[in-house]
Amino acid sequence: MGKATRAAFGDAIMELADAHPEIVVLDADLSKSTMTQPFMKKYPARHYEFGIAEQNMIGAGAGLALCGKIPFVTSFACFLIGRLETIRICAAYNQTNIKLVGTHAGIGIGEDGTSQMALEDLGAMRSLPHMTVLQPADANETKQAVAWAVAHKGAVYLRLTRQNMEDVHGPDYKFQIGKADVIWEPASKPKHYQATIFASGGPVPEAMKAAKDLEGRGFMARVVNACSLSPFDDEAVVKFSKDSDRIVTVEDHNIVGGLGTAVCEAAAARACAVPVVKIGVRDFGESASPEQLYDKYGLSAPHIVEACLRNLN
Amino acid sequence: MPTATEPKTTDLKTLTRDMRVDIIRMIEAAGSGHPGGSLSIIDILAVLYYKHLKHDPKNTTWPDRDRVILSKGHACPALYTVMAYTGYFPKEQLLTLRKLGSPLQGHPDRMRLPGIEASTGSLGVGLSMGIGMALAAKADKKDFRTYVLLGDGEVQEGQVWEAFMAAPKFGLDNLTVILDHNNGQIDGPVDQIMPIDSMTDKLAAFHWDIQSIDGHDLTQIDKALAKAKTVKGKPQFIAAKTIKGKGVSFMENNIAWHGNAPKKEDADKAVAEIMKNG
Ligand SMILES: Cc1ncc(C[n+]2csc(CCOP(=O)(O)OP(=O)(O)O)c2C)c(N)n1
């Protein structure tokens, strides 16, 4: 098992800090969880602790950005999105160069339960103009996404996991904004697939497990990792709709507004003749272990397998 | 009027000792949770539920019951313990904390546990809901009271200050706020992370009725809650000086125990100490 993407984020800002003295980090009493403590210790003058006051932190981040800094504003994803109006005005409308980092996304956080689980953030963030929305799947992709965010002038939302993630990208992987990438295919490279599984964030390893299981049973499925949720890779949907009987989407987010919605929007707009089976969270989540919750809420590999095979008529 | 059994303050001392043990054991069993902030409010909750609250654990929808909102929702192990002791559910259920299907969620959930008045866990939202309840009581000419427990890190949230302004404006003398002033949050001590002092001066300037007490002295808590009920025209603010992790020496004022579950060895040590000193 590899690192949590939040841990990779913490590594990334350490690696970028010397080359980019404009990088500053803002916290709201969760620096141990958002993995910014090493940065705070090494660069105390570039770290601002705002206490439990997220909207003030986001606004101040925008102000820092307007004066040339590159602020990484971090908290649990749920507490950032709780300040949507502030984000809408200070980040998106003002088109500031702010980097919002939401960790502990989704039901994958487990026992802490509903109030700490961001499940609607992608829907809200994707609907904001001038907001780039990224959800990397592993450590390598996270580091490249953070580096991209530093180079990019504009507001970025990074959605990261609490839980450890499998490394799904090889060392040669190159992050490209707006591009989904195939992370798993059957060894036989078939011409025709029963399903193309689009996955993003927490359940990506489950999608891989599902595809392998399907191959073992003689069913062909590929897995596409969608890190870039806005802008979204509509072309990937068009392309894979041509050789797949169905598209299955999997995400640790409400069934509305995230990856599944992005895929359906692309499929409808481009008149793709393909059914889309969406897997996502349909309620608020609850307290239990992450594994139990992925099972109960239908995000684990057996559920993905079932979604690939289910009779759609 | 149904009320819970009213023990003497001496009995309450024993009860709060036992409750501390249950808090440690339930968090140990859960493998996660927040001992520090639970131990700091257990004395306040015990006095409130046993001696002041107008409630009926067997009839949680009784319209005239007093309302309690644990705005610092992460300290729910303390609330669940007091609720179990006063008869809302069997004590054995405490050990299901944070487990799949349990009504004892990681943060209070009113849809799963009867007796929870407001689901919380995102800090800063509880007092506003409390104001709504107090307004409804006034509108309907009901004499139930609303109690809101705030953390001292929590009051850094802007929404809390909007609520601090609103309650006196509406003359909510049926609303009592208790501040769990333990000077701890997660990243460090409150007075370093984002200073809030002096809360009593600030709230006096906002036209609240002010009391300052030792939040572990059962008699002081009792008197303060009694006096709060007599105040006319103003909401009441009780600043309770507390110790995060109170009762377990290695947890006291130690931020490492904000959100960490003790393993068996530490839990045993904690329980032995609570029983010895209790
Ligand atoms: C809006 C929001 N931001 C952040 C958190 C994460 N969090 C949980 S507890 C806590 C510290 C709370 O400190 P305090 O209110 O003083 O409670 P206590 O120290 O008494 O446990 C934080 C930051 C949260 N639950 N809600």
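A, B, ... follow the sequence lines: proteins, then strands. Residue 1 opens every chain.
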Considering all heavy atoms, the nearest B:S122-A:S115 contact: N-CB, 3.9 Å
Side chain proximity check, A:D112 to B:R98, heavy atoms < 4.5 angstrom: yes
At their closest point, which heavy atom of B:G106 faces which heavy atom of A:S287, and how far apart are they? N-OG, 2.7 Å
Does any heavy atom of chain A fall under 4.5 Å from the side chain of B:H74, the backbone, both, or neither of them? neither
Heavy atoms of other groups near A:Y93 OH, more than 12 under 6.0 Å: no
Counting only non-hydrogen atoms closer than 4.5 Å, does B:S119 touch chain A with its backbone (N, CA, C, O), its side chain (CB onward), both, or neither? neither
Can you tell me if NE2 on B:H207 sees more than 12 non-hydrogen neighbours from other groups inside 6.0 Å? no
Donor-acceptor under 3.5 Å (A:E49 side chain, B:I193 main chain): no
d(B:E157 CD, A:F79 CZ) to nearest 0.5 Å is 8.5 Å
Please round to the nearest 0.5 Å and tell me the distance separating atom CG of B:D187 and atom CZ of A:F50. 13.0 Å
Against A:D29, only a single residue in B:H258, B:Q185, B:Q156 fulfils side chain to side chain donor-acceptor pair (under 3.5 Å); can you say which? B:Q185
To the nearest 0.5 Å, atom OG of A:S31 lies from atom CD1 of B:I186 at 9.0 Å
CE/A:M117 to NE2/B:H107 distance, rounded to the nearest 0.5 angstrom? 10.5 Å
Less than 4.5 Å to any heavy atom of chain A: does that hold for the side chain of B:Q192, its backbone, both, or neither? neither
Quick check on the interface: out of A:L30, A:N56, A:D27, who has the most heavy-atom pairs with chain B under 4.5 Å? A:L30
If you tally heavy-atom pairs under 4.5 Å against chain B, which of A:E54, A:M40, A:Q37, A:Q55 wins? A:E54
Strictly below 4.0 Å, N to O, side chains only: are A:E286 and B:R112 in salt-bridge contact? yes
Could you check whether atom CZ of B:F89 has more than 12 heavy atoms from other residues, nucleotides or ligands sitting under 6.0 Å from it? yes
So which part of B:S32 gets closer than 4.5 Å to some heavy atom of chain A, the side chain, the backbone, both or neither? side chain
Could you check whether atom NZ of B:K169 has more than 12 heavy atoms from other residues, nucleotides or ligands sitting under 6.0 Å from it? no
Would you indicate whether A:R46, at its atom CZ, is surrounded by more than 12 heavy atoms from other residues, nucleotides or ligands within a distance under 6.0 Å? yes
